Amino acid sequence: MTTLTRRKRFEAAAIAAIGTPLIEALGGTYTWREHGAEHLRAVERDSRPPIFAFWHGRILAATLYFRDRGIIVITSENFDGEWIARIIRRFGYGTARGSTSRGGARALAQLRRDMKAGQPAAFTVDGPRGPAQVAQPGAVWLASATGNPIVPFHIEAASHWTLTKSWDRHQVPKPGSTIGIAIGAPIEVPARASIDGIEAVRNELEKRLVGLAPVARALVAD
C-alpha cells in the first residue's frame, strides 16, 4: 500500500475542496439525453447490482450522471487516486483502493464483498493507464465471481474540450452542453468462467462499448 506524506494528503484535500464545487456547478448546466435506460431499469427490477463498464475518457460526465447511487469504484493508491477518491466520495460513490499494477487483487476482493452486500460497482475498463479503448478483464472477472451483470455505457457531449495530452483524451463537456448517454444491454458472464471464457466476454464488452459510441453521438447530433 502506498503511504502519502502529510503534505500530499493536504494537497489532495485542497484539490477536492476546490474541485468538488466546480464540478457541481458545471454539472448543473448540462442537459441529458438517454438511450437504453430500460436496460438499467430491468437490472434494478431484478435486484441485481450492476457492474457499470465505460471508457476512462468519460469519467467526469459519468460521475455526474450516476451520482448518489452508492457505486463502488477502484481508485489508485497514489496521489492522483487520493484526490480523485476524495472528490467522488462527495458525489455519493464508495472506493476500493488499488489498480491493475498495485493492490488490484485486494481491490477486486473488496468489490466482491461490496456487491454481495448489494452495492453496484463501476469500472473504467481501459484504465488506469490504457491503452485507450482496449478493455481489461477486471469487470468480466467480477461478473463471473458475483453473478451480477455488466452494464456498458458510453457518453458523448455536443460541445466539449478534449485533453489531448492525456492518454485517454479525456472529454470535458463545456458549460451548457447537451450530453448523450447510450446504455447497452446487460452482459451475463458464466460463473467460474475459464480464462478463454473471460477473454471472449472481454472482447464482446469492448465491441459493445465501441458500438455504443455512435449511438451516443447521434443523441447530440442536432
Side-chain angles (χ1 to χ4, degrees), residues 4 7-37 40-41 44 49-99 107 110-111 114 118-128 151-183 212-213 216-217 219-220:
L4 297 178
R7 177 177 177 178
K8 284 297 184 181
R9 290 197 300 272
F10 175 81
E11 290 175 357
I15 291 172
I18 295 169
T20 301
L22 290 176
I23 295 171
E24 187 83 65
L26 187 62
T29 71
Y30 296 152
T31 299
W32 289 89
R33 295 178 181 175
E34 303 171 333
H35 173 89
L40 178 56
R41 288 194 292 268
E44 291 173 340
I51 301 168
F52 295 102
F54 65 108
W55 299 131
H56 196 277
R58 299 299 185 269
I59 287 177
L60 177 59
T63 297
L64 289 164
Y65 183 84
F66 288 103
R67 63 179 301 173
D68 299 322
R69 297 172 184 240
I71 298 171
I72 310 299
V73 298
I74 293 179
T75 57
S76 300
E77 296 178 309
N78 58 18
F79 173 70
D80 287 343
E82 181 64 23
W83 66 258
I84 290 170
R86 288 173 182 260
I87 288 177
I88 64 175
R89 286 176 191 143
R90 300 185 187 199
F91 286 92
Y93 293 81
T95 59
R97 304 304 297 274
S99 69
Q110 180 185 327
L111 282 175
D114 290 337
Q119 291 179 272
F123 279 80
T124 54
V125 291
D126 55 344
V151 177
F153 69 89
H154 186 76
I155 293 175
E156 290 287 341
S159 178
H160 61 269
W161 294 288
T162 299
L163 305 183
T164 57
K165 292 185 178 181
S166 66
W167 67 265
D168 62 354
R169 295 182 60 83
H170 203 93
Q171 187 181 99
V172 180
K174 293 182 178 180
S177 182
T178 298
I179 304 177
I181 178 168
I183 301 172
L212 287 170
R217 285 194 291 270
L219 291 171
V220 298

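This is a predicted model, so every value here is computed, not measured.
Taking each heavy atom of Phe54 and Ala62 in turn, the nearest pair found is CE1-CB, 3.8 Å. Between Ser177 and Pro173, the closest heavy-atom pair is CB-CB, 4.4 Å. When all heavy atoms of Leu26 and Thr29 are compared, the closest pair comes out as O-OG1, 2.8 Å. For the pair Gly180 and Ala216, the tightest heavy-atom approach, listed with the atom from each and the gap, is O-CB, 3.9 Å. Among all heavy-atom pairs drawn from Gln110 and Thr95, the shortest one is NE2-O, 3.0 Å. Across all non-hydrogen atoms, the minimal contact from Pro128 to Ser76 is CB-OG, 4.2 Å.
Expressed to the nearest 0.5 Å, how far CD1 of Ile87 lies from OG1 of Thr75 amounts to 11.5 Å. If you take CG on Leu60 and NE2 on His160, they are separated by 12.5 Å, rounding to the nearest 0.5 Å. Taking CD1 from Ile51 and CD1 from Ile71, the interatomic distance works out to 12.0 Å, rounded to the nearest 0.5 Å. Once rounded to the nearest 0.5 Å, the distance linking CD1 of Ile74 with CZ of Arg97 reads 11.5 Å. With values rounded to the nearest 0.5 angstrom, Arg33 atom CZ is found 15.0 Å from Ile155 atom CD1. Residue Arg217 holds its CZ atom at 5.5 Å from CD of Glu156, rounded to the nearest 0.5 Å.
The pair Arg41-Glu44 does not meet the salt-bridge criterion, since no charged nitrogen lies less than 4.0 angstrom from a carboxylate oxygen.
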Start with the C-alpha gap between Tyr93 and Thr63, add the side-chain angles, then the distance that decides, and say whether side-chain contact (heavy atoms from CB on, under 4.5 Å) holds. CA-CA 9 Å; Tyr93 293 81; Thr63 297; 3.9 Å; yes
Would Ile179 and Tyr65 satisfy side-chain contact (heavy atoms from CB on, under 4.5 Å), going step by step from the backbone distance to the final call? CA-CA 10 Å; Ile179 304 177; Tyr65 183 84; over 6 Å; no
List the steps and the verdict of side-chain contact (heavy atoms from CB on, under 4.5 Å) for Phe153 and Arg58. CA-CA 10 Å; Phe153 69 89; Arg58 299 299 185 269; 5.8 Å; no
Full working for side-chain contact (heavy atoms from CB on, under 4.5 Å) between Arg169 and Thr164: CA-CA 5 Å; Arg169 295 182 60 83; Thr164 57; 3.8 Å; yes
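The shortest distance between side-chain heavy atoms of Tyr30 and Thr178 does not fall below 4.5 Å. Taking the side chain as every heavy atom from C-beta outward, Ile181 and His35 never approach each other to under 4.5 Å. Val125 places a side-chain heavy atom less than 4.5 Å from the side chain of Trp55. Within the 4.5 Å cutoff, the side chain of Glu11 has no heavy atoms near those of the Trp83 side chain.
Taking the six-membered ring where the residue is Trp, Phe66 and Phe52 present tilted rings, their angle falling between 30° and 60°.
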